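Heads up: the structure comes next, in structure tokens.
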Amino acid sequence: MSGKLSGKTALITGASAGIGLASAPALTGEGANLVLIARRQERLAELESAVQTVGGKSVSVLGDAKEEDTARRSVDLAVQTFGSLDILITNVGIGNYKNLVETSAEDYDEMMDTNMRSTFLFTRYAVPVMIQQGSGTILMISSMAGVYGFGGEAVYCATKFAQVGFAQALDKELRPHGIKVGAICLGGVKTEFALGKGRTEESVAASGMLVPEDVAGVVPMACTQSPGSRIIEVQMRTMTEALT
């Protein structure tokens, strides 16, 4: 462990798979205590065991990140267990790639609630703690679909544009309180994301997309900036991206 985050507490939503799962050991490696949020208990238990095996400390909350009670319980647990909440990583998200006329109101609600409502709720409960501390970092795992639009992904793009705009506004609102807010905007990543909803295991495996560890390498960088600097936005794309 390098210890750059020694004594700090990081909360990760969507911790049981993909980018959340890869980010946990990356933050543990910097000395952070972890609060892990996910809906799959067995996977949470496995991750906690892995963190503890390498000498890290973690607790977990079983719950749906888009439910207000989950956010409230998670932030309370962080403070009760470790005495602070220094880093919030809003990672949970889903995609459903459909043309507009094929997208139902239920599809819209599911994407908007999972991607944006969860971001709002966890941020809403974390911010009072960080204001009282006079410091904190909020990092939103977003998408290049929040930077420019893609055909067949209009609603997904809407959720990610909302997330990026939320981050930009909070950067201005919270910086006077010593809180840093940033977004990581990604191209495609080889995860369970959108499987059966526009992606297949075969198409993901055959792609040249990023892997979760690529993103996990950036997360500690954004969380270990000097007190006088902040990362507002990172854009990540695969090296195999077409040039035209």
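Keep in mind that what you see is a predicted model, and the values were worked out from it rather than measured. Below, each value reflects all heavy atoms present in this structure, side chains not excepted, and no hydrogens, waters or symmetry copies.
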Steps toward ring-ring contact (aromatic ring centres under 6.0 Å, His included) verdict (F122, F120): CA-CA 6 Å; F122 274 84; F120 162 74; over 10 Å; no

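Within 6.0 Å of CD on E67 lie more than 12 heavy atoms contributed by other residues, nucleotides or ligands. More than 12 heavy atoms of other residues, nucleotides or ligands lie within 6.0 Å of CD in E102, so this atom counts as buried by the packing criterion. Crowding of Y108 atom OH: a count of heavy atoms from other residues, nucleotides or ligands under 6.0 Å not exceeding 12. Around the CD atom of Q132, the shell of radius 6.0 Å holds no more than 12 heavy atoms that belong to other residues, nucleotides or ligands. A 6.0 Å sphere centred on CZ of R175 holds more than 12 heavy atoms belonging to other residues, nucleotides or ligands.
Each of L34, L88, N91 was scored for a side-chain contact (heavy atoms from CB on, under 4.5 Å) with L11, with one residue passing: L88.
Taking hydrophobic clusters as Ile, Leu, Val, Met, Phe, Trp and Tyr residues chained together by side-chain heavy-atom distances below 4.5 Å, V147 does not share a cluster with M111. The cluster map of Ile, Leu, Val, Met, Phe, Trp and Tyr, joined by side-chain heavy atoms under 4.5 Å apart, puts M116 and M144 in different clusters.
Interatomic distance, CD1 of I19 versus CD of E213, reported as 10.0 Å (0.5 Å rounding). The structure places OG of S60 at 14.5 Å from CZ of R43, a figure rounded to the nearest 0.5 Å. Rounded to the nearest 0.5 Å, atoms OG (S16) and CD (Q41) are 11.5 Å apart.
Side chains of R124 and L121 form no contact here, defined as non-hydrogen atoms less than 4.5 Å apart. Side chains of T90 and S118 form no contact here, defined as non-hydrogen atoms less than 4.5 Å apart. Put simply, the side chain of V155 does not reach to within 4.5 Å of the side chain of D107, judged on heavy atoms. Annotation: side chain of I87 is not in contact with side chain of L139 (no heavy-atom distance under 4.5 Å). A heavy-atom distance below 4.5 Å is not found between the side chains of V127 and L170. By the 4.5 Å heavy-atom criterion applied to side chains, V54 and P25 are not counted as neighbours. Residues L174 and I138 are in side-chain contact: their nearest non-hydrogen atoms beyond the backbone lie under 4.5 Å apart. Annotation: side chain of Q225 is not in contact with side chain of T137 (no heavy-atom distance under 4.5 Å).
Of all heavy-atom pairs between N99 and G152, the closest is OD1-CA, 3.6 Å.
Note on D76 versus R73: no salt bridge recorded, every NZ/NE/NH1/NH2 to OD/OE distance being 4.0 Å or above.
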